[in-house]
Amino acid sequence: MKEPLVYEISSPGRIGVNLPECDVEEAPLPQEFLRKHLALPEVSEVDLIRHYTRLSQLNHGVDKGFYPLGSCTMKYNPKVNEDVARLPGFVHTHPYQASRTVQGNLFLMYHLQEFLKEISGFSAVSLQPAAGAHGELAGVLMIRAYHESRGDHRRTRMLIPDSAHGTNPASTTMAGYETIKIVSDARGNVSLDDLHAHCDDTVAGMMLTNPNTLGLFDEYVLDIARMIHECGGLLYGDGANLNAIMGIVKPEQLGFDVMHFNLHKTFSTPHGGGGPGAGPVGASENLAPFLPGPIVVIERVDEVSEADEAWDEEGYCYQLRMPESSIGRLKAFYGNFGVCLKAYTYIRMLGATGLRQVSEHAVLNANYLLNRLKDVYPLPYDRTCMHEFVLSGTLPGAPGVHTVDIAKRLMDFGFHPPTVYFPLIVPEALMIEPTETESKETLDAFADALIQIAREAREDPELLTTAPHVTPVARLDEVGAARTPVLHCLKD
Amino acid sequence: MKEPLVYEISSPGRIGVNLPECDVEEAPLPQEFLRKHLALPEVSEVDLIRHYTRLSQLNHGVDKGFYPLGSCTMKYNPKVNEDVARLPGFVHTHPYQASRTVQGNLFLMYHLQEFLKEISGFSAVSLQPAAGAHGELAGVLMIRAYHESRGDHRRTRMLIPDSAHGTNPASTTMAGYETIKIVSDARGNVSLDDLHAHCDDTVAGMMLTNPNTLGLFDEYVLDIARMIHECGGLLYGDGANLNAIMGIVKPEQLGFDVMHFNLHKTFSTPHGGGGPGAGPVGASENLAPFLPGPIVVIERVDEVSEADEAWDEEGYCYQLRMPESSIGRLKAFYGNFGVCLKAYTYIRMLGATGLRQVSEHAVLNANYLLNRLKDVYPLPYDRTCMHEFVLSGTLPGAPGVHTVDIAKRLMDFGFHPPTVYFPLIVPEALMIEPTETESKETLDAFADALIQIAREAREDPELLTTAPHVTPVARLDEVGAARTPVLHCLKD
Amino acid sequence: MSYIPTTDADRAAMLRVIGVETVEELFGDVPEAVRYPEVKLPRRLSEPEALRELREISEYNVDLDHAPCFLGAGAYRHFVPSVVGHVIGRSEFYTAYTPYQPEISQGTLQIIFEYQSMICALTGMDAANASHYDGATALAEALVMAVSASRGKRRKVVMSAGVHPEYRAVVRTYTQGAEITVAGDQDGVSEVGALAEMVDADAACVIVQNPDFLGYLESPSALRALADTVHAAGALLVVSADPIALGLIAPPGDYGADIVCGEGQALGGGLSFGGPYLGYFACVTKYLHKMAGRIVGQTVDRHGDRGFVLTLSAREQHIRREKASSNICSNEALMALAAAVYMTALGKSGLRKVAELCYHKAHYAANRLSALPGYELLSERPFFKEFPLRCPRPVSEINEYLLDEWGIVGGYDLERNYPHMANTMLVCVTEMNSKEEIDLLVEALSSMEEGA
Amino acid sequence: MSYIPTTDADRAAMLRVIGVETVEELFGDVPEAVRYPEVKLPRRLSEPEALRELREISEYNVDLDHAPCFLGAGAYRHFVPSVVGHVIGRSEFYTAYTPYQPEISQGTLQIIFEYQSMICALTGMDAANASHYDGATALAEALVMAVSASRGKRRKVVMSAGVHPEYRAVVRTYTQGAEITVAGDQDGVSEVGALAEMVDADAACVIVQNPDFLGYLESPSALRALADTVHAAGALLVVSADPIALGLIAPPGDYGADIVCGEGQALGGGLSFGGPYLGYFACVTKYLHKMAGRIVGQTVDRHGDRGFVLTLSAREQHIRREKASSNICSNEALMALAAAVYMTALGKSGLRKVAELCYHKAHYAANRLSALPGYELLSERPFFKEFPLRCPRPVSEINEYLLDEWGIVGGYDLERNYPHMANTMLVCVTEMNSKEEIDLLVEALSSMEEGA
Ligand SMILES: Cc1ncc(COP(=O)(O)O)c(C=O)c1O
Ligand SMILES: Cc1ncc(COP(=O)(O)O)c(C=O)c1O
C-alpha cells in the first residue's frame, strides 16, 4: 500500500491543530504587503498522524535493524539521550537570554568542551560547527588564518589523500585553497613518496583521516605529521573515524593540529535522516586562538558584571567569549546545542573506561566480520582493520553483478546495505562499519546473508539485478529522476 | 520476517539498562529467604529496542488506519493528551502525599467530576472505577446498598436486555444478583411487554444501554424508566455509548439513576491494546451517598487542618473524602488518575460546543456508512442509527461465507474489522462504529471495500475464507490454541 | 476543529446520501422534552492554552523528582528505564484495542505472551493473565476465584492483617454482594501459625502478603508449612507479593502458593498519583480455567507459522455472560507492556540488583534512623525495603516538619490504619534514594529533636 | 554494559575467528609510544544518575515556560503543536541516515519531497533543498551560489544592514578565504533605493532581509523595483525571510527574488538555546543546478510505481569533490521533517492565523508600550512581530529589573550590534504572548519609572 502525498489528502477547511483566538484588539493589516494565496495542505490531526506514521514504517533505521553504513558510524543511540534532549529546562531557553539565566546550558557546553579536549588531547575546543563538513571548513579557515597571522601568504595548497571523503576537498575549495590529491600506497597508507613530492612551502597543510576511509590506521602517521610540519604546513584531522580510537590514542599525540569531531557519529546522537549533527573542532595550542566562537569559558564572578550570579559554589560562572583571533562565527548562536546535550550525556554514561570499550568493540566487530567475509568477497587491503573495512563487489564468476546489486539484495534480508562506491580507490567498494552496539548474532546473520548473496550472484544473478524484492518500492529509476526533475507537487 | 521471542534472543551476561552501584554498606542477605534462579531474559538495549519496535509494526492501531470496532469508540485521540499525561508534576506524585502537596491533582479530579456531572446531569460522580465493567460493579453494588439501606431485602433480580454487553450480566453476578434477560422488540427496542412481565418487587433494577448495542436509541426509554421506578427498581445506565449523545441529551434526564462513563471511549484516552481505561460512575441524588470513594470535595481552609495551604485564592482547598454511605473502595488509591488527566484535557479542548459536535459527527458518520451499505449487507433494524449500526454478514448468494471471513478479508484492505458476532441477537453480526474523527474519504474507502468484498463473496468465496492474505501472519488456529494451551515459553 | 475532519461540503454530501436535510433530524428518537439541554462547561481551549493550563495545574503539586521521598506503602518510586517510555509511546501499541483480531495484533499478543512467561518465571506459577486493574482488585479476584474453585461451597476466606489495608477494603467491597466471610485480618491476625489455625473445611483460601504491608518478610519454610496445612484442608494459598522483592526472595511457587498476584506498578510504571497501575496475576495449572482476564496462547497460522491469539475465552464475560468468572473487560494492557519492557531491560541480573539495592539501602537507613535518640525499629524481623519506625512524636507532625523545613516527603503514618501503631512511621527506601538523601533524613530528624 | 551486547563468550569466539588472542593485538598499527593514554573523565554514571544530573543542570536555567518572554532577534518562541514531537519522535525517522538507499527510505524521502513543495509554496520559488544548518549558513551559501552563478566573475555582494548581525558575521567567515567583497551593511545601508544604487556590473547579488532584523516590513512594490534593478544589472536578488511572516506577507517570488532562504526554526522547532535549527533554501529553476544540499525528486520504480530519490547529486561533494557547489553533507533533516509536520498541521489557514496573531499582538504591545512616558517607537514603519522601542534608560538595566522584580525576560538590546541605538529594545511578540503578559510588561515598565 502506497501512501498518497499530503497534498493529495488535503481538503479545504481542514486543520491539524486548534489555535487560539486573538485576545487583543486587531490592528489593520497593511493590505498591499499581503499575499494572495498560500498553497499549503489542509488536513485534520488524525489524517496528519496517519500519514506520517505510515510513512515512518517505510523507513529502515537503526532501531529496526542493522545499519552497517561505512563511515557513518550508525551505532545504536541510548534512549536516555532523547529524554535528556527534551527536558524543558533546556528546550525552552533562548540563545540571547542573559548568561546568568542559562548557567545550566553553559556549564554543560563548558564540560563537553573539556571532555572532548581530554579524549582528543587538544588544548581547546569550539562547539560552533553544525556538522563534520562545517568543522572542516572551520579547520581549514583556521589554518589559513594561522598562516596569514604570520604573514605567510604563499601557502595555497591543501594536500588530500585520494581515499578522503568528498567533504575534504569541497571544504578546501570553500576556504579558498587548491586541492592536491596524494595517492595511497599498496597497503592503504598515504604514499610517503607522493607526499614527499608535494611537500613544499606552498603547502598550507594536509587533511588526513586516520583511521582512514579504508578503515586502516595509517602506519606512517607520525612520519606524515613530521613531513607536513617540516614544510611549514599544518595537519588537519578528519575525526569522522574517532570511534575506532577513543582511549587507544589521542589524535593530538599523533601530530594533528586541528580536528573535527562528529558528535552524531562517535558520540551517539542519532542521524535524524540526514541531520542534525554537530562538528566541534579541537585545536592544539598554536591554533586555539583561531577557533570559531563563541566558546564557553569559566570566569571568576568578580571578573564579570556584578549582576551575574555564580552558578558554581566557588564563585565561578560560565560565559560565552570569542577566542582571541577567532575566524569568527560559523553559524548564528552557539552550535547545535541540542546535539551537544546528547553527546554530554553519552560521555557521562560511559566514562573513560566505557569509551575505550566502545572503540575496542567497534574494532573487534569489524575484524570479526572481515574475517568471516574475506574468503568470499575480494579484500583489497588485507590488514587488521579498525572500526570498518572495505570489500569489493567484483565477485569471481559473477561478471554481470555489481556492488549496487549486492546492496539492493541485502535489503531483502532486512539489512541496510553498507556504503557503496566509496572510497573511490576501491573498485565496486562495499564499506562496512558494524559499530560496537551490534551483537555477534547480528554480525553472523549479516555475514551469512552476504555469503548467500555471493552464491546467488553466481547461480541466479537476476535475483540480484532485480533486487530488492520485499521493500515498499522496487528498485527506483534514479537516472530518470535526474533527467527530468520533479521536485515538488504544486499545481500552480 | 517473524520476530523471535525475547527469550530466544537472550544471552547470558547481557543487560538492557545501566544500573547504579551500591553507595551504602551492604547488609547481610537472609540466605534462607532467597531465590535460587530467575528465568528472565538477558538482552542489550539495542536488541530490546529492535525487538519491541519490530513487534509494534505488526499491530494495527488507530494511528495507522480506520478502526471501526463497534461498541469500542476507537476515535483518534489528540496527541496533546499524551504530552499532558507525561508532565512530571503529575507523574511523580505519590497517592499518599499530604493533600496540600497534591492540590494540582485534586483540583483536576474535582473539576473532572464537575464536568462529567454537567455532561450527564447526575448529582455526583466518583472517579474510582478503573474501567467500564468496574463502574458497572460499582453501580450494581450501589443499587444493592440503596435497597438494603431502606431495609428492602426482597430484591434479588436485575433485568438486562438480550442486546446487552457481556459485562452487564457478569457484573450482576459479581454483585450477587440474578440476571433476568429481557428480549428486544422488532425495532430493536426493549420489548415493553417482556419488561412488563418481569416488573415486580423482586426487581432490584435494570441495566440499560442507550443508545443500545444495536446503535439504536430506545424509543421507549422514558417508559422503561417509569416502569422500573414504579416497581421500586433503579435504572442503571451503561454509558459505553455516550459518544452519541453528548449535548444531545443528559442521561439523568432520561431517568437513569446511576451510570458509568467510559473515559477511554468517549473522552479520548487511547485503549492501550486493552487498557488502561477509567469508568467513573455518576449518580442521581438518592444514590450519590453510596458512590465508591474517596472522591474529591472542595472545602474551606478553616474546615480542614491548619497545616493545609489553600490552593485556591479564595480560601478553598481540595480534599479526598469518602461519600457518606459509600459502598467502599473499588481499588487501591483513587482511580486511574493518568487516564482522568487525558479526559480532563479533552473536555477542556472541546468545551460544550465541541462535545456536541463530536456526537453529531459520530452519528452523521454512522448514518452515512449505513446508507452506503444497507443495500449490500442485510440490515436487521432499518432505522436511523446513532453512533454505530449492526449489519449481518449473511450475504445473499454466498452461503459458505461467514462474518469472520468478511472481517478477515477487510484486513487486506488496511482496515480493522468491525466488532463481530455481537450483539448476540443479530446473526452473523457486523457492528460498525466509525466515530467522529474519520473523514468522508475514509468512510467511502471502507464502504467501497465492503461492497467489493460482498461481490467477492459471491464470485470468489475462497478469497474470503482463506483471508487475510497480506498480514504479518495468516489466519490463526484459535481452536488449536485453546485445545492445548501453550501459555508461556519457559523451559523449566 | 482539528479532531473532526468533516468539511461543510462533506457534511452536505453525506446528508444527501442519508436523505435528510440536517444533522438534527438524525436525533428524532431522542425525547424532545429533554433534547439539547444546556451544558455549562468552561470555554474551550486551544492546544497551546490547554498545554499551559495543564502544566500550571501540575506545578501546584510537589513532585517527587524535587523532594527526597520515603513514602511507599503499596506505591513505589523505582527507576523506570528510558526504554520503557519509548516503547509504550509507540502509537501502534497504545492506539490498538484488545487484540481480538490476532492477524493484525501480533505485536501486542506476542508481548503479552512474553509478559506471561516473565510473570510465571518471577512467581513460580504455571500461567498468568494480562491483567487486572491493580494489586487490590487482583487480590479480590483471587479470592472470588478460590471460592469458585470450591464450586462455591467454601465461603470463608482467611486473610492476614499483613495485607495492605486498602486491598482488604477492596476485598470487602467486592464481596459485599456475595455470601463470603472474611476472617482474620480484622482481629489483627497475621502470624502464619495463627492463620493456619483458622483454616477449616469451609475455608476457600488463605491470603497472605509477602513482604507484608509493614515490609516484613516471612520465611519460605514457615510459608511452606502454611501451604501444607491449607492444602490438607482443601483450600488454596493466595500470596500477594511485591514483584521487585521477587527479584531477590523465593518465588511463592517454591513454597506451595496456588495463586500469586500483586501490584505491578513497580515494574516500569510511574507513581501517577495511584493509577493506572497493574494487577499481575498467576496461578498453578490446576486453576487455570477459573482465572479471569485475558490470556494469550501460542498457535500456528494456516501456513503453520507460529503466532499468538487470545485464548480460553470461554471463561470470559463476552462468552459466558452471567456465568463468567469475572466481569473484567478493559484491563491494564499498556502497563503490562511496560512491565514486560522493564523486565526485559533489567533481566535476570538487573532485577536482582535493584532488589539488592533496595534491601541494602533500607537496612542502612534502618540502622541510622534507629540509632537516633527516641527512634527505634518496631521489631527485629527481617524486612525488604520498608520497615516500621517508632518515633518520639506523631508521624504527621514529623512529616510536616520534614516537608516544610527540609523539603523531604516522610514515610507513611501507620496510625492511619493501625490505631495501636501511634507514632510509627513506615519508612520506604528504594534504589532511587541515594545515601545522601538517607543521611539528610537522619540529619533532619535529629535536628528536629534538637530544636524541640 | 547495556550498549555493548558482546558477552565474554562472544568475545572469545570472535577473537578465535580473527585469529588473535586479545583485543589489544588489533591495535598493533597504533604507535606504541602514544598507545593507551590516560584519559581523565569523571566517573561513569548509571542511567538514573545521568537523568538526575542532566535534569539538575537543566534546572539551573531560567526556562521560558516560566517567564514571559519578549526576546526574538532571530530565534522565536512559537507554538509547537504536539503532533510535531510525536512524529519526529518516531525512531524510524530519527535513527535513519541520509536516504542514500531509496527503497528502504521512502518515509524520509517522501516527506522531504512534501517539505520542498511546502517551502516552494511559502516562498514562491520553483525548487527547494533540505537543508542548511541554519538561517545564517543558508544565507552565506546563497551568496556563494550567486557568485558561482556568474561563473565566479562577479565578486561583489551588496548586503543590507537590515540583515541579522550574526548572519552578516557568518557571511564574512564563509567568504574570508574567497576574494569576495561584501558591501553596504557595514556602512549601515538598508534602504532599498540605496541598495539598488550600489548594484554594478561586478555585483553578484543583493541581499535583503524581510522583515528585517529590526522587524520592519519592506513593501512588495519597493522590492519589485529593487529586483528589476538587480536583474537589469545581471545580478541576483537574495531574500532572507522569517517563514512565519510568509504566512501573511507576499512571497518573495512575487516580487522577483531569485533565492529565498532563512531560519526555519519557527516552523515547529524549539528554541533549544540556538540549535539545532533549520536553514531553509529555495530558488528559481534557472539556478537549480547551483543549489547546494540534498534535493529529492519524484521517479518510478521497476514496476512503474511512484517513488522518491535523492537527485541531482552531481552538484554535491561526494560526487564533485573540490568542484562541488558546497561542502555540506549532514544537514538538518529532522528539523525539516518537523517543519513539514508543522506546516501540515497549520496548513493554509493556520499559518496565516499564527502570522496574524503575531501581527496583532505585536501592534497591541507597540501601542501600549509607546504610550508609556519615556518610551517611543523608533519609527512609524510597518512591522511584523518585532519593533524597536526607545527606552528612557539602558536596555540592560531594564532587563535586569524585569527579570529580578517581575520574572520577565525583556527584549533584545540593540546596542549590542548598533552603537547608535543605545537605549533601544527590540521587542518581540508572538502568538505565545498572552494579553496578560503584554499588560504585565507594560505594568512592570511603568512601575520601574515610578520607582526611579
Ligand atoms: C570521513 C568523513 N569525513 C567527513 C564527513 C562529513 O561529516 P558531516 O556529514 O557531519 O558533515 C563524513 C560524513 O559522512 C565522513 O564520513
Ligand atoms: C456496551 C459496553 N458496555 C460495557 C463495556 C465494558 O467496558 P470496559 O471494557 O471499560 O470494562 C463495553 C466495552 O467494550 C461495552 O462496549
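In the text below, chain A, chain B and the rest are named by the order of the sequence lines, each starting its count at 1.
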Q: First locate atom CD1 of B/Ile119, then atom CG of C/Leu41, and finally report the distance between them rounded to the nearest 0.5 Å.
A: 5.0 Å
Q) What part of B/Val221 lies closer than 4.5 angstrom to a heavy atom of chain C: side chain, backbone, both or neither? A) side chain
(Q) Only pairs of heavy atoms separated by less than 4.5 Å count here; which of C/Ala324, C/Pro251, C/Ala314, C/Pro81 has the most with chain B? (A) C/Pro251
Q | Residue among B/Tyr52, B/Tyr67, B/Phe337, B/Phe422 with most heavy-atom pairs under 4.5 Å to chain C | A | B/Tyr52
Q.
Ignoring hydrogens, what is the shortest heavy-atom contact between C/Glu332 and B/Gly277? Give both atom names and the distance.
A. OE2-N, 4.5 Å
Q.
Let's go through C/Gln106 and B/Leu55 carefully: what are the C-alpha distance in whole Å and the side-chain angles of both, what is the deciding distance for side chain to side chain contact (heavy atoms under 4.5 Å, CB included) to 0.1 Å, and is it a yes or a no?
A. CA-CA 7 Å; C/Gln106 286 297 301; B/Leu55 283 175; 6.0 Å; no
Q. Out of C/Val17, C/Leu248, C/Asn399, C/Val354, which one racks up the most heavy-atom pairs below 4.5 Å with chain B?
A. C/Leu248
Q | salt bridge (Lys or Arg N to Asp or Glu O under 4.0 Å) partners for B/Lys250, two or more places apart | A | B/Glu118
Q: Please determine if B/Arg356 forms a cation-pi arrangement with C/Tyr36, meaning its NZ or CZ atom is less than 6.0 Å from the six-membered ring centre and no more than 45° off the ring axis.
A: yes
Q.
Looking at every non-hydrogen atom in both residues, tell me the closest pair between C/Asp134 and B/Ala332 and how far apart they are.
A. OD2-N, 2.9 Å
Q) At their closest point, which heavy atom of C/Asn61 faces which heavy atom of B/Thr93, and how far apart are they? A) CB-CG2, 3.8 Å
Q: May I ask you to decide if C/Leu271's main-chain N or O and B/His92's side chain share a donor-acceptor pair within less than 3.5 Å?
A: no
Q: Compare every heavy atom of C/Thr95 with every heavy atom of B/Pro270, then report the nearest pair and how far apart it is.
A: CB-CA, 4.4 Å
**Q.** Nearest-0.5 Å distance that lies between atom OG1 in C/Thr344 and atom CD in B/Glu45
**A.** 12.5 Å
(Q) Counting only non-hydrogen atoms closer than 4.5 Å, does B/Arg144 touch chain C with its backbone (N, CA, C, O), its side chain (CB onward), both, or neither? (A) side chain
(Q) For B/Tyr344 and C/Glu53: C-alpha separation, side-chain torsions, deciding distance, then whether side-chain hydrogen bond (donor to acceptor under 3.5 Å, both in side chains) applies. (A) CA-CA 11 Å; B/Tyr344 175 94; C/Glu53 171 170 314; 2.6 Å; yes
Q: Specify the closest pair of heavy atoms between B/Phe333 and C/His164, including all atoms of both residues, with the distance to one decimal.
A: CZ-NE2, 4.5 Å
Q: Side chain from CB out, backbone as N, CA, C, O: work out which of these in B/His416 comes under 4.5 Å of a heavy atom of chain C, or both, or neither.
A: both
Q. Can you tell if the side chain of C/Leu351 reaches within under 4.5 Å of the side chain of B/Leu40, non-hydrogen atoms only?
A. yes
Q. Tell me, side chain or backbone of B/Leu330 under 4.5 Å from chain C's heavy atoms, or both, or neither?
A. both
Q. From B/Glu3 CD over to C/Ile111 CD1, what is the distance, rounded to the nearest 0.5 angstrom?
A. 9.5 Å
**Q.** Rounded distance (nearest 0.5 Å) linking atom OG1 of C/Thr6 with atom CD of B/Glu360
**A.** 11.0 Å
Q | Best-contacting candidate, B/Arg348, B/Lys440, B/Glu82, against chain C by heavy atom pairs under 4.5 angstrom | A | B/Arg348
Q) If you measure from OH on C/Tyr97 to NE2 on B/His60, what distance do you get to the nearest 0.5 Å? A) 15.0 Å
Q: Could you tell me whether B/Tyr76 and C/Tyr3 have their ring centroids closer than 6.0 angstrom?
A: no
Q | Interface moiety of B/Leu87 toward chain C, non-hydrogen atoms closer than 4.5 Å | A | side chain
**Q.** Segment of B/Asn77 engaging chain C (4.5 angstrom heavy-atom cut-off)
**A.** neither
Q.
Can you confirm whether the side chains of C/Glu322 and B/Tyr177 place a donor and an acceptor under 3.5 Å from each other?
A. no
Q | Heavy-atom pairs under 4.5 Å with chain C, option from B/Val339, B/Thr437, B/Val140 with the top count | A | B/Thr437
Q) Quick one: which of B/Asn59, B/Val473, B/Thr471 gives a side chain to side chain contact (heavy atoms under 4.5 Å, CB included) with C/Ile104? A) B/Thr471
Q. Crowded around C/Glu179 CD? As in, over 12 foreign heavy atoms under 6.0 Å?
A. no
Q.
If you apply the rule salt bridge (Lys or Arg N to Asp or Glu O under 4.0 Å), what do you find for C/Asp29 with B/Arg383, and how did you get there?
A. CA-CA 10 Å; C/Asp29 288 339; B/Arg383 286 171 50 191; 2.9 Å; yes
**Q.** side chain to side chain contact (heavy atoms under 4.5 Å, CB included) assessment of C/Gln110 paired with B/Leu5
**A.** CA-CA 8 Å; C/Gln110 181 170 331; B/Leu5 290 168; 3.8 Å; yes
**Q.** Which portion of B/Ile347 sits near chain C, non-hydrogen atoms under 4.5 angstrom
**A.** side chain
Q) C/Val39 and B/Leu355: side chain to side chain contact (heavy atoms under 4.5 Å, CB included), yes or no, with the steps? A) CA-CA 10 Å; C/Val39 177; B/Leu355 291 178; 5.8 Å; no
Q | Side-chain heavy atoms of C/Met118 within contact of B/Pro41, under 4.5 Å | A | yes
**Q.** Residues B/Lys408 and C/Gln101: side-chain donor-acceptor under 3.5 angstrom
**A.** yes
Q: Start with the C-alpha distance between B/Lys2 and C/Asp305, add both sets of side-chain angles, then the distance that settles salt bridge (Lys or Arg N to Asp or Glu O under 4.0 Å), and finish with yes or no.
A: CA-CA 9 Å; B/Lys2 293 289 154 51; C/Asp305 289 331; 3.3 Å; yes
Q | Between B/His51 and C/Glu114: side-chain donor-acceptor atoms closer than 3.5 Å | A | yes
(Q) Given heavy-atom pairs under 4.5 angstrom as the criterion, report whether the side chain, backbone, both or neither of B/Ser10 touches chain C. (A) neither
Q) What residue, out of C/Phe79, C/Phe27, C/Tyr412, C/Tyr277, has the most heavy-atom pairs lying under 4.5 Å from chain B? A) C/Phe27
Q: Verify the ring-centre separation between B/His134 and C/Tyr133: is it less than 6.0 angstrom?
A: yes
Q: Go through B/Met349 and C/Glu47 one step at a time and tell me if the side chain to side chain contact (heavy atoms under 4.5 Å, CB included) criterion holds.
A: CA-CA 7 Å; B/Met349 302 249 340; C/Glu47 188 173 303; 4.1 Å; yes
**Q.** Max heavy-atom pair count under 4.5 Å with chain B, selected residue of C/Thr108, C/Leu71, C/Thr311, C/Asp10
**A.** C/Leu71
Q | chain B interface, residue from C/Cys120, C/Gly135, C/Ala333 that has the most non-hydrogen pairs under 4.5 Å | A | C/Ala333
Q | Residue pair C/Asn327 / B/Met174: nearest heavy atoms and the distance that separates them | A | OD1-SD, 3.2 Å
Q: Could you have a look at B/Met74, B/Glu219, B/Arg372 and say which one has the most heavy-atom pairs with chain C under 4.5 angstrom?
A: B/Met74
Q. Which one of C/Tyr100, C/Tyr167, C/Tyr364, C/Tyr359 has the most heavy-atom pairs closer than 4.5 Å to chain B?
A. C/Tyr359
Q.
Less than 4.5 Å to any heavy atom of chain C: does that hold for the side chain of B/Leu350, its backbone, both, or neither?
A. both
Q) Out of curiosity, B/Phe107 CZ to C/Ile57 CD1, how far, rounded to the nearest 0.5 Å? A) 4.5 Å
Q. If we ignore angles and hydrogens, is there a donor and acceptor under 3.5 Å between the side chains of B/His361 and C/Arg11?
A. yes
